[in-house]
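Beneath this line is the structure, given in structure tokens, with notes to follow.
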Amino acid sequence: MFDAAIIGTGPAGLSAALNLKIHNKNIVWLGSAAICEKVCLAEDIRNFVGFSSISGMELAECLRKQADDAELAVTDKVVNTVVPMGDKFGILAGSEFFEAKTVLLATGIAMNGQIKGEAERLGHGVSYCATCDGRLYKGKRIAVVCNAARLEHEVSFLAELAEHIDYFPYYPDNGIVLPNVTVHTEKPVEVIGEGHAEGLMLSDGNILEISGLFCLRTSVALANLMKEVHSEDGHIIVDRSMMTNIKGCFAAGDCTGRPYQYAKAIGEGCIAAHSIINYLATEEKK
């Protein structure tokens, strides 16, 4: 069992991972192996202490080098569910299951919103995990929404099982070219069906008949990731120690609310790490 599971590899997750590593804690760090990949999108950063001006690409490279120097390893997995289990947490990432004494949610904010009707049909024709649920749709027609090229291997896996896939990539330079995959430029706007997903309405008004919908995203909406955590206006509610309403569960970075600043995320990651260290010490004394 791990001392801590850190979910998210942005500045907050990296800050926490570094501090926990320094204190010899046994951690699993889950997220994109391309550490701080969203930082790269910033053209010119002028409010980061220590640098008068630095590009996002340059800052991300500095952060990645620091992670490498600290020998921090990322488990490149998208976390689907976090479940409180008494004095520990269960973390489902694809087909893998991890257990940890504490959890840090450093998931950032989702860049792409959910489709209307998606949340209501989760588990009833809508899935976030190709490995877990793909075989349920063998020989059937399904739709797949994907927001990152690094998840294309899951699309290929589903294409080996499904009769046909209607594919909706939310990123440039789509690399999926398969005989049973139709790539759409229109966007899905609503999942329809009586209880179970039966169709997908597109932005041009057309409706596709499907047996299931897979939403492959680099982050899962908080309401589906960990239903027990309290939130407000889409942000996780934390106290000064960065702890949520769930004992042993902490959060840091953009997911806790504005301002969406790298300095704020790094600071919260540091606070969360030290709060986790204190929490573990207190629990060990009981």
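Residue numbers count from 1 along this sequence. Not measured: the values here are computed from a predicted model.
Pairs of residues two or more places apart, or lying in two chains, never qualify as ring-ring contact (aromatic ring centres under 6.0 Å, His included) while including a residue from residues 49-105. The ring-ring contact (aromatic ring centres under 6.0 Å, His included) pairs that include a residue from residues 176-208 are Phe168-His184, where partners are two or more places apart or lie in different chains. For the ring-ring contact (aromatic ring centres under 6.0 Å, His included) condition, the pairs that include at least one residue of residues 246-286, sequence neighbours left out, are His23-His274, His235-Tyr260. Pairs engaging residues 79-92 under the side chain to side chain donor-acceptor pair (under 3.5 Å) rule: Lys88-Glu99 [sequence neighbours left out].
In this structure, CE on Met226 lies 4.0 Å from SG on Cys249, to the nearest 0.5 angstrom. We find the CD1-NZ distance between Ile27 and Lys25 to be 11.5 Å, quoted to the nearest 0.5 Å. Taking CE of Met201 as the reference point, atom CD of Glu190 lies at 5.5 Å (rounded to 0.5 Å). In this structure, the separation between CG on Leu225 and CD1 on Ile236 is 8.0 Å, given to the nearest 0.5 Å.
Counting only N and O atoms by type, the side chains of His164 and Thr182 include a donor and acceptor under 3.5 Å apart. Using modelled atom types and a 3.5 Å distance limit, the side chains of Tyr167 and Glu152 yield no donor-acceptor pair. Looking at Asn47 and Gln261, their side chains do bring a donor and an acceptor atom within 3.5 Å of each other.
Taking 4.5 Å as the limit, some side-chain heavy atom of Leu216 sits within range of a side-chain heavy atom of Val144. Between Val145 and Ile115, the closest side-chain pair of non-hydrogen atoms falls below 4.5 Å.
Checking side-chain atoms of Ser15 against main-chain N and O of Pro11 turns up no donor-acceptor pair under 3.5 Å. Here the side chain of Asn180 pairs a donor or acceptor atom with the backbone of Ala162 at under 3.5 angstrom. Looking only at distances, no side-chain donor or acceptor of Ser53 sits under 3.5 Å from a matching main-chain atom of Arg46. Although no hydrogens or angles enter the test, the distance criterion places a donor-acceptor pair under 3.5 Å between the side chain of Arg64 and the main chain of Ile35. A side-chain donor-acceptor contact under 3.5 Å links Arg121 to the backbone of Gly193. Counting only distance, with no hydrogens or angles, the side chain of Trp29 and the backbone of Asp76 share no donor-acceptor pair below 3.5 Å.
Dense packing is recorded around CD of Glu120, with more than 12 heavy atoms of other residues, nucleotides or ligands lying under 6.0 Å away. For Met57, the CE atom is loosely surrounded, since the number of other residues' heavy atoms within 6.0 Å does not exceed 12.
Other members of the cluster containing Val49 do not exist, because no ILVMFWY side chain is joined to it at under 4.5 Å. Taking Ile, Leu, Val, Met, Phe, Trp and Tyr as hydrophobic and joining them when side-chain heavy atoms fall under 4.5 Å apart, one finds Ile22 isolated, its cluster having no other members.
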Listed pairs under 3.5 Å, donor-acceptor, residues 130-143 side chains, sequence neighbours left out:
{"residue": "Asp133", "atom": "OD2", "partner": "Ser127", "partner atom": "OG", "Å": "2.5"}
{"residue": "Arg141", "atom": "NE", "partner": "Asp166", "partner atom": "OD2", "Å": "2.8"}
{"residue": "Arg141", "atom": "NH2", "partner": "Asp166", "partner atom": "OD1", "Å": "3.0"}
{"residue": "Arg141", "atom": "NH2", "partner": "Asp166", "partner atom": "OD2", "Å": "3.0"}

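The salt bridge (charged side-chain N to carboxylate O under 4.0 Å, His left out) search around Lys101 returns Asp3, not counting sequence neighbours. Residues satisfying the side-chain contact (heavy atoms from CB on, under 4.5 Å) test with Ile271, not counting sequence neighbours, are Met242, Ser275. In this structure Glu96 satisfies the salt bridge (charged side-chain N to carboxylate O under 4.0 Å, His left out) test together with Lys77, sequence neighbours excluded. Applying the salt bridge (charged side-chain N to carboxylate O under 4.0 Å, His left out) test to Lys286 and every residue at least two apart in sequence or in another chain returns Glu283. Under the rule for a side-chain contact (heavy atoms from CB on, under 4.5 Å), the partners of Ala16 that lie at least two apart in sequence or sit in another chain are Ile6, Leu104, Ala273.
The pair Lys264-Glu268 meets the salt-bridge criterion, with a side-chain N (NZ, NE, NH1 or NH2) lying under 4.0 Å from an Asp/Glu carboxylate O.
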